Protein chains: 2
Amino acid sequence: MKLGNKVEWALHCMELLARVPANIYIPTQVLAKFHGIPKEYLSKAMQALAAARLIEGTLGPKGGYKLAKPSSQINLLDIVEAIEGRKKTFNCQEIRFNNPCLTKKPKKSDSICVVAKTMFEADQAWRRVLSEKKLSDLVVEVDGQVSAEVMKLSEDWINNEIT
Amino acid sequence: MKLGNKVEWALHCMELLARVPANIYIPTQVLAKFHGIPKEYLSKAMQALAAARLIEGTLGPKGGYKLAKPSSQINLLDIVEAIEGRKKTFNCQEIRFNNPCLTKKPKKSDSICVVAKTMFEADQAWRRVLSEKKLSDLVVEVDGQVSAEVMKLSEDWINNEIT
DNA sequence: GAGCTTCTACTCGGATACGCCCTGTCCGAGTCCGGCAGG
DNA sequence: CCTGCCGGACTCGGACAGGGCGTATCCGAGTAGAAGCTC
């Protein structure tokens, strides 16, 4: 039960995309260089984000990605699910129905297995925390952690790269 | 981000072990037949549970596994972690430190990355739900779901198998 | 100088290898029960 | 009949293949901008 690196990359890249004006496109190459990660593989994560309609891509010079929605309308669960998929962490195989002592055939309408029930509750608790954190919240938190000086330098660095 | 089948198997087997008297050993073969799952592979899960000191195994005829502690002292997180390991679901690679604009070398004592912080909070929420559910609670819930008739038949079936 | 055409260079997107971990299986070491012989 | 011994069968535990998914990489299709030519 481990999340891939693409999730971390996607979160940081989305946080960066949320900082630039809405009409500016950032290419994958710049995102990769800024974060020190392999560009080719990062593009896979960006493709997944685009497929989930969280970002939009454009070709050619001055191309790249931009947010498809305001950062206040995107939460972290959207991003994680775009990368990792929307399937639950626990998939119940209903092995309780393999009990050789069952007196009647089980139906799909039977109440949910109590083991799966608890696992699903845990899964929902995890998702709830992620869904309650908006991308815009993340931007504010980063602002509070990174010095204004570095923030300004980074902004200039990005602007220089995409020129 | 998906849990393996061994987790489900382990949970159901632990629930069953919690039902038998404390001095009775249930062999893997019986657990496997009762749940309709491959015995050889299930033994891997049982080995993991034994390594985590949740169950104890004995060799020879009348051998098998029994709980190492009362079911009220075992929670679902113990079981899941015994199978899946204790590592967090999200491992922060600190790619924020790859920013080419940093003015000073980052130290390990720096405050935690806000991205990782949220991911860890989600991870803890997941673990909290699991740790608050004791194995003895699970037994009670199963009692409320399975008919007394099937429960009795199952008990007799188990007793017959280990004789 | 302005507008159109062409060309280049840059982007995304999908198709393609590689490696690791989960899944599934097998066999050997160790041990406890049950039968058997002897007293 | 009781006791001690021995054999056998059953158990766990670790060692051994196969497959699927995540990781990493590459190349082609398409496009927007810039340069150059014509008017």
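Because the structure is predicted, anything quoted here is derived from the model rather than measured. Here is the naming used below: chain letters follow the sequence lines, and residue numbers restart at 1 for every chain.
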Just by distance, do the side chain of [X] and the backbone of [Y] share a donor-acceptor pair under 3.5 Å?
X: B/Asn159; Y: B/Glu155; answer: yes
X: B/Glu8; Y: A/Val115; answer: no
X: B/Asn75; Y: B/Lys134; answer: no
X: B/Asn99; Y: B/Arg96; answer: no

Can you tell me how far [atom2] of [N] sits from [atom1] of [X], to the nearest Å?
X: B/Met1; N: C/dC22; atom1: CE; atom2: P; value: 14 Å
X: B/Lys33; N: D/dC10; atom1: NZ; atom2: P; value: 12 Å
X: B/Leu31; N: D/dT11; atom1: CG; atom2: C1'; value: 13 Å
X: B/Gln93; N: D/dT23; atom1: CD; atom2: C1'; value: 13 Å
X: B/Leu49; N: D/dG14; atom1: CG; atom2: C1'; value: 17 Å
X: A/Tyr25; N: D/dG33; atom1: OH; atom2: P; value: 10 Å
X: B/Glu56; N: C/dT31; atom1: CD; atom2: P; value: 16 Å
X: A/Asn5; N: D/dT25; atom1: CG; atom2: C1'; value: 16 Å

Under 6.0 Å from the ring centre and within 45 degrees of the ring axis: does the NZ or CZ of A/Lys88 meet both conditions for the six-membered ring of A/Phe120? yes

When you check every protein heavy atom under 4.0 Å of nucleotides 4-15 of chain C, what one-letter string (B, S, -) results, 5' to 3'? ------BBSBB-

Do the charged groups of A/Lys2 and B/Glu84 touch, with an N to O distance under 4.0 Å? no

OP1 or OP2 of D/dT23 sitting under 4.0 Å from any side-chain N/O of A/Tyr41?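 Affirmative; the distance criterion is met.
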
At under 4.0 Å, does any side-chain N or O of A/Lys6 touch on OP1 or OP2 of D/dT23?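 Looking at the OP1 and OP2 atoms of D/dT23, one of them is under 4.0 Å from a side-chain N or O of A/Lys6.
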
Once salt bridge (Lys or Arg N to Asp or Glu O under 4.0 Å) is applied, do any residues pair with B/Lys6, and if so which ones, sequence neighbours excluded?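 With neighbours one apart ignored, the set is empty.
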
DNA chain C contacts made by residues 79-91 of chain A, counting heavy atoms under 4.0 Å: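 Correct list: empty, so none.
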
Does some side-chain heavy atom of A/Lys66 sit less than 4.5 Å from a side-chain heavy atom of A/Ile24? no

Relative to each other, are the rings of B/Trp157 and B/Phe34 parallel, tilted or perpendicular (30° and 60° limits)?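 B/Trp157 and B/Phe34: tilted rings.
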
